[in-house]
K.L.:
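Below: one structure in structure tokens.
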Amino acid sequence: MSSQKHLIAPSILAADFADLKKDIQMVNESEADWFHIDIMDGVFVPNISFGFPVMQAIAKHAKKPLDVHLMIVDPDRYLQICKDSGAEIITVHYEACTHLHRTLAAIKELGCKAGVALNPHTPVSLLKDIIQDIDLVCLMSVNPGFGGQKFIERTYSKIKELRALAADQNTDLLIEIDGGVGTSNAGKLLAAGADVLVAGSFVFTSANPMETVKELKAVNPNLQAV
């Protein structure tokens with residue numbers, strides 16, 4: 001794992017859309033590091049979340065970076081508007097990009113950090129020839145499309161494989177885990193080599209979301225066995 005303290009990125013997909021400004025303010029005032037923004041098209045994943053107008057509204061009030069996860073087909077068409085809507089990190093799916101190297105270069109030309117997401121069935125070894133060009137890898141620990149799913153246990157070994165893959169070529173790589181993350185598995189994920197924890201339902205449906213973020217931020221990976 002990188003030497004920095006791990007990052008927490010609450011997923012706005014699980015926020016209260018009827019009172020979104022309240023939840024944005026909660027993230028602003030909490031110990032969270034990023035806003036995780038899921039853009040879904042109903043084609044690449046079996047759900048539709050929200051589009052760029054909502055993202056722009058979030059960006060207007062957000063005081064922390066927008067970590068944007070494009071769960072869409074042909075993401076290249078939307079990179080510019082994604083940047084213009086406030087993204088600081090843009091993550092595309094390996095499975096959705098025919099020319100991934102070109103897509104990552106385009107993201108970086110926009111001045112954003114470039115991320116690649118992998119679905120649960122996609123092996124990390126497929127990133128071998130491009131790992132040096134990636135700023136962040138988002139490992140999906142549930143099947144993408146819906147919040148509140150059960151965590152896939154195979155994720156721990158994928159984290160370790162990815163960390164080993166990056167060891168020689170990209171020591172600054174951030175490994176992000178998205179899906180089923182909570183205090184019960186956060187320590188083990190960090191101990192395996194994760195840097196960024198995305199938490200949606202676990203944060204926003206808790207009795208005290210700000211305290212829940214604090215608990216996730218305080219998790220000590222050194223206390224976990226892997």
Side-chain angles (χ1 to χ4, degrees), residues 1-2 4-15 24 27-28 30-41 44-45 49-52 54-72 75-97 100-119 124 127 130-141 144 159 162-163 166 170-179 181 189 193-200 203 213 216-217:
M1 191 177 72
S2 69
Q4 71 177 61
K5 176 74 173 175
H6 63 273
L7 307 178
I8 304 300
S11 176
I12 299 302
L13 185 65
I24 294 169
V27 176
N28 282 336
S30 76
E31 294 186 29
D33 301 278
W34 296 345
F35 286 83
H36 188 78
I37 309 293
D38 290 309
I39 305 291
M40 304 178 182
D41 62 2
F44 182 72
V45 292
S49 56
F50 49 81
F52 295 107
V54 173
M55 181 176 155
Q56 290 161 13
I58 294 169
K60 182 178 178 181
H61 300 284
K63 297 178 181 178
K64 297 174 180 179
L66 300 192
D67 168 34
V68 181
H69 182 183
L70 297 179
M71 301 186 198
I72 61 177
D76 300 74
R77 295 175 56 194
Y78 302 96
L79 298 180
Q80 183 67 59
I81 190 172
C82 192
K83 161 66 176 177
D84 294 344
S85 298
E88 294 191 36
I89 305 109
I90 299 177
T91 296
V92 296
H93 268 265
Y94 176 93
E95 303 86 0
C97 295
L100 183 57
H101 182 273
R102 180 184 299 163
T103 302
L104 294 175
I107 293 171
K108 291 187 176 186
E109 286 173 8
L110 292 171
C112 295
K113 297 291 187 183
V116 175
L118 298 181
N119 282 338
V124 299
L127 299 178
I130 202 168
I131 193 73
Q132 68 274 11
D133 299 308
I134 305 172
D135 296 304
L136 175 147
V137 173
C138 177
L139 295 179
M140 295 302 302
S141 43
I159 296 170
L162 180 57
R163 184 55 69 198
N170 189 351
T171 56
D172 293 326
L173 180 76
L174 293 176
I175 298 177
E176 179 176 72
I177 309 303
D178 186 358
V181 172
L189 290 168
D195 303 287
V196 185
L197 302 179
V198 175
V203 169
V213 170
L216 285 169
K217 190 71 174 176

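Computed from a predicted model, the values in this text were never measured in an experiment.
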K.L.:
Before giving the answer on side chain to side chain contact (heavy atoms under 4.5 Å, CB included), spell out for Leu139 and Val124 the whole-Å C-alpha distance, their side-chain angles and the decisive distance to 0.1 Å.
P.N.:
CA-CA 9 Å; Leu139 295 179; Val124 299; 4.0 Å; yes

K.L.:
Using every non-hydrogen atom in the two residues, find where Ala14 and Gly200 come nearest and quote the distance to one decimal.
P.N.:
CB-C, 3.4 Å

K.L.:
Using side chain to side chain contact (heavy atoms under 4.5 Å, CB included), reason through Arg163 and Asp195 one step at a time and then give a plain yes or no.
P.N.:
CA-CA 10 Å; Arg163 184 55 69 198; Asp195 303 287; 2.5 Å; yes

K.L.:
List the steps and the verdict of side chain to side chain contact (heavy atoms under 4.5 Å, CB included) for Phe50 and Ile37.
P.N.:
CA-CA 9 Å; Phe50 49 81; Ile37 309 293; 3.4 Å; yes

K.L.:
For Lys217 and His6, indicate whether the former's side chain and the latter's backbone hold a donor-acceptor pair under 3.5 Å.
P.N.:
yes

K.L.:
Please tabulate, for the side chains in residues 56-65, all donor-acceptor contacts under 3.5 angstrom to protein atoms that are two or more places apart in sequence or on a different chain.
P.N.:
residue: Gln56; atom: NE2; partner: Ser85; partner atom: OG; Å: 3.0
residue: Lys64; atom: NZ; partner: Val27; partner atom: O; Å: 2.9
residue: Lys64; atom: NZ; partner: Asn28; partner atom: O; Å: 3.3
residue: Lys64; atom: NZ; partner: Ser30; partner atom: O; Å: 2.7
residue: Lys64; atom: NZ; partner: Ala32; partner atom: O; Å: 2.6

K.L.:
Would you call the rings of His93 and Phe44 parallel, tilted or perpendicular if under 30° counts as parallel and over 60° as perpendicular?
P.N.:
tilted

K.L.:
Determine whether His69 and Met140 make a side-chain contact, defined as any pair of heavy atoms from C-beta on separated by less than 4.5 Å.
P.N.:
yes

K.L.:
With rounding to the nearest 0.5 Å, note down the distance linking CD in Glu109 to CZ in Arg102.
P.N.:
11.5 Å

K.L.:
Show, in sequence, the C-alpha distance, side-chain angles and deciding distance for Asp178 and Ser11, and conclude whether the side chain to side chain donor-acceptor pair (under 3.5 Å) test is met.
P.N.:
CA-CA 9 Å; Asp178 186 358; Ser11 176; 5.6 Å; no

K.L.:
Report the residue from Ile90, Val54, Val68 that forms a side chain to side chain contact (heavy atoms under 4.5 Å, CB included) with Ile39.
P.N.:
Val68

K.L.:
For the residue pair Cys97 and Val92, what are the closest heavy atoms and their distance?
P.N.:
SG-CG2, 3.6 Å

K.L.:
What's the spacing between Gln132 CD and Leu104 CG if we round to 0.5 Å?
P.N.:
10.0 Å

K.L.:
So how far is it from Ile89 CD1 to Asp135 CG, rounded to the nearest 0.5 Å?
P.N.:
9.0 Å

K.L.:
Supply the atom-to-atom distance Cys112 SG to Leu79 CG, rounded to the nearest 0.5 angstrom.
P.N.:
8.5 Å

K.L.:
Measure the shortest side-chain to side-chain distance between His36 and Val196 over non-hydrogen atoms and say whether it is less than 4.5 angstrom.
P.N.:
no

K.L.:
Please answer whether the main-chain N or O of Ile8 pairs with a side-chain N or O of Asp33 as donor and acceptor at a distance below 3.5 Å.
P.N.:
yes

K.L.:
Leu118 versus Leu127: any side-chain heavy-atom pair under 4.5 Å?
P.N.:
yes

K.L.:
How far does CD1 of Ile175 sit from CG of Leu189, to the nearest 0.5 angstrom?
P.N.:
11.0 Å

K.L.:
Would you indicate whether the side-chain heavy atoms of Asp67 and Thr91 approach each other to under 4.5 Å?
P.N.:
yes

K.L.:
Are any non-hydrogen side-chain atoms of Val213 and Leu216 less than 4.5 angstrom apart?
P.N.:
no

K.L.:
Quick one: closest heavy-atom pair of Met40 and Ser49, and the distance?
P.N.:
N-OG, 2.9 Å

K.L.:
Tell me, please, which residues at least two apart from Asp133 pass salt bridge (charged side-chain N to carboxylate O under 4.0 Å, His left out).
P.N.:
none

K.L.:
According to salt bridge (charged side-chain N to carboxylate O under 4.0 Å, His left out), who are the partners of Lys113, at least two apart in sequence or on a separate chain?
P.N.:
none

K.L.:
State whether the side chain of Thr103 and the backbone N or O of Asp76 hold a donor-acceptor pair below 3.5 Å, judged by distance alone.
P.N.:
no

K.L.:
How long is the straight-line distance from CG of Asp41 back to CG of Leu70, given to the nearest 0.5 Å?
P.N.:
9.5 Å

K.L.:
Got Leu162 and Leu173 here, is their nearest side-chain heavy-atom distance under 4.5 Å?
P.N.:
yes

K.L.:
Any side-chain heavy atom of Val198 within less than 4.5 Å of one from Trp34?
P.N.:
no

